[in-house]
Participant: 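Pasting a structure here, questions to come.
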2 protein chains.
Amino acid sequence: MSSEQMGLPIKDEDIERAAMSIKAMAHPLRLRILCTLGDREVSVQEIVELVGTSQSNISQHLAILRDKGILASRKDANRVYYRVSDARTLRLISMMKDVFCPAFGS
Amino acid sequence: MSSEQMGLPIKDEDIERAAMSIKAMAHPLRLRILCTLGDREVSVQEIVELVGTSQSNISQHLAILRDKGILASRKDANRVYYRVSDARTLRLISMMKDVFCPAFGS
DNA sequence: TTACTGTATAATGGTATGATTATACACTTG
DNA sequence: CAAGTGTATAATCATACCATTATACAGTAA
């Protein structure tokens, strides 16, 4: 029996937050970034090479993912490395692949 | 080791499809609808009452979810009943709750 | 210091999204 | 048939998003 059926409604602000986070993942380029990262830590320039668009475009999409807490970043010298912020998010990405791209089970 | 690391890139069209489906879920009202449905089959008028906006607005959002294959619908007399289309999508919704609204474990 | 590399931000303009309103369609009942 | 109920669609306008371009910032190397 679900929470909804048990009369425990999810708060509007939680729904809002969740929707905004999911929306952050709901863009082809950003989804590609997430799938490319997997559980690795990758520098911006590598992401640019792997995903294939302009550095500026990648940087803006990375900022969106970082601002929503999907990605975490670490600076080393003049490079910045990005990674998926936590294990649960990583599992969610895996499950998204399962549901929408069954051919590519993680 | 992920598919990406194994050099098995996900096709652009698969990423596009997945992103469009996820985007369909990435709206507060639509996420609320999905959480409200859970594993039940609910009529449009009930959804309108439970979620709380205009019938027209709900109908448009239901159409978006239906068109992306997230929801399935069944007509009975002059009512239409909606449900989450398959078990995997249902699990994905559950996991989204886990990740973004940990207080409401399914 | 200057020059260079790597990354982030600002500004712009075209496109997509979304809530509202009004209307149309499908079905049922009288 | 008409009237009523339940649902879907069309039209509108305001807003949000996105890719591109140019520029700024941080760090390194000479």
Participant: D/dA8, OP1 or OP2 - any side-chain N/O from B/Y82 closer than 4.0 Å?
Facilitator: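 So the side-chain polar atoms of B/Y82 do come within 4.0 Å of the phosphate oxygens OP1 or OP2 of D/dA8, strictly under.
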Participant: Going only through I, L, V, M, F, W and Y residues with side-chain contacts under 4.5 Å, is there a path from A/M95 to B/V99?
Facilitator: yes
Participant: Please report, rounded to the nearest Å, how far the C1' atom of C/dT21 is from the CD1 atom of B/I58.
Facilitator: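 Distance, rounded to whole Å: 17 Å.
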Participant: Once you round it to whole Å, what is the distance between P of D/dC17 and CG of A/N57?
Facilitator: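 Atom CG in A/N57 sits about 15 Å away from atom P in D/dC17.
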Participant: Between B/R79 and B/D76, does the salt bridge (Lys or Arg N to Asp or Glu O under 4.0 Å) criterion hold? Intermediate values first, please.
Facilitator: CA-CA 5 Å; B/R79 298 190 182 180; B/D76 182 43; over 6 Å; no
Participant: Separation of B/D76 atom CG from C/dC27 atom C1', in whole Å?
Facilitator: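 Answer to the nearest Å: 11 Å.
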Participant: What's the separation between atom CG in A/L65 and atom CG in A/L37, rounded to the nearest 0.5 Å?
Facilitator: 8.5 Å
Participant: So, is B/H61 near the phosphate of D/dT7, with a side-chain N or O under 4.0 Å from OP1 or OP2?
Facilitator: no
Participant: What distance do B/K68 atom NZ and B/I22 atom CD1 have between them, rounded to the nearest 0.5 Å?
Facilitator: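 With rounding to 0.5 Å, NZ (B/K68) is 12.5 Å from CD1 (B/I22).
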Participant: To the side chain of A/N78, which of C/dG6, D/dT20, D/dA8 is closest?
Facilitator: C/dG6
Participant: Both A/Q45 and A/K23 contact DNA chain C. Taking the nearest nucleotide for each, which residue is further toward the 5' end?
Facilitator: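 It is A/Q45 whose nearest nucleotide is closer to the 5' end.
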Participant: Rounded to the nearest Å, what distance is computed from the CZ atom of residue B/R30 to the P atom of nucleotide C/dA19?
Facilitator: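 The distance from CZ of B/R30 to P of C/dA19 comes to 8 Å, rounded to the nearest Å.
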Participant: Rounded to whole Å, how long is the line connecting atom CG of A/D67 with atom P of D/dC17?
Facilitator: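 Rounded to whole Å, this separation is 12 Å.
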Participant: Separation of B/R74 atom CZ from C/dC27 atom P, in whole Å?
Facilitator: 14 Å
Participant: From CD of B/Q60 over to P of C/dA16, roughly how many Å is that when rounded to an integer?
Facilitator: 17 Å
Participant: Over how many whole Å does the gap from A/L31 atom CG to D/dC17 atom P extend?
Facilitator: 18 Å
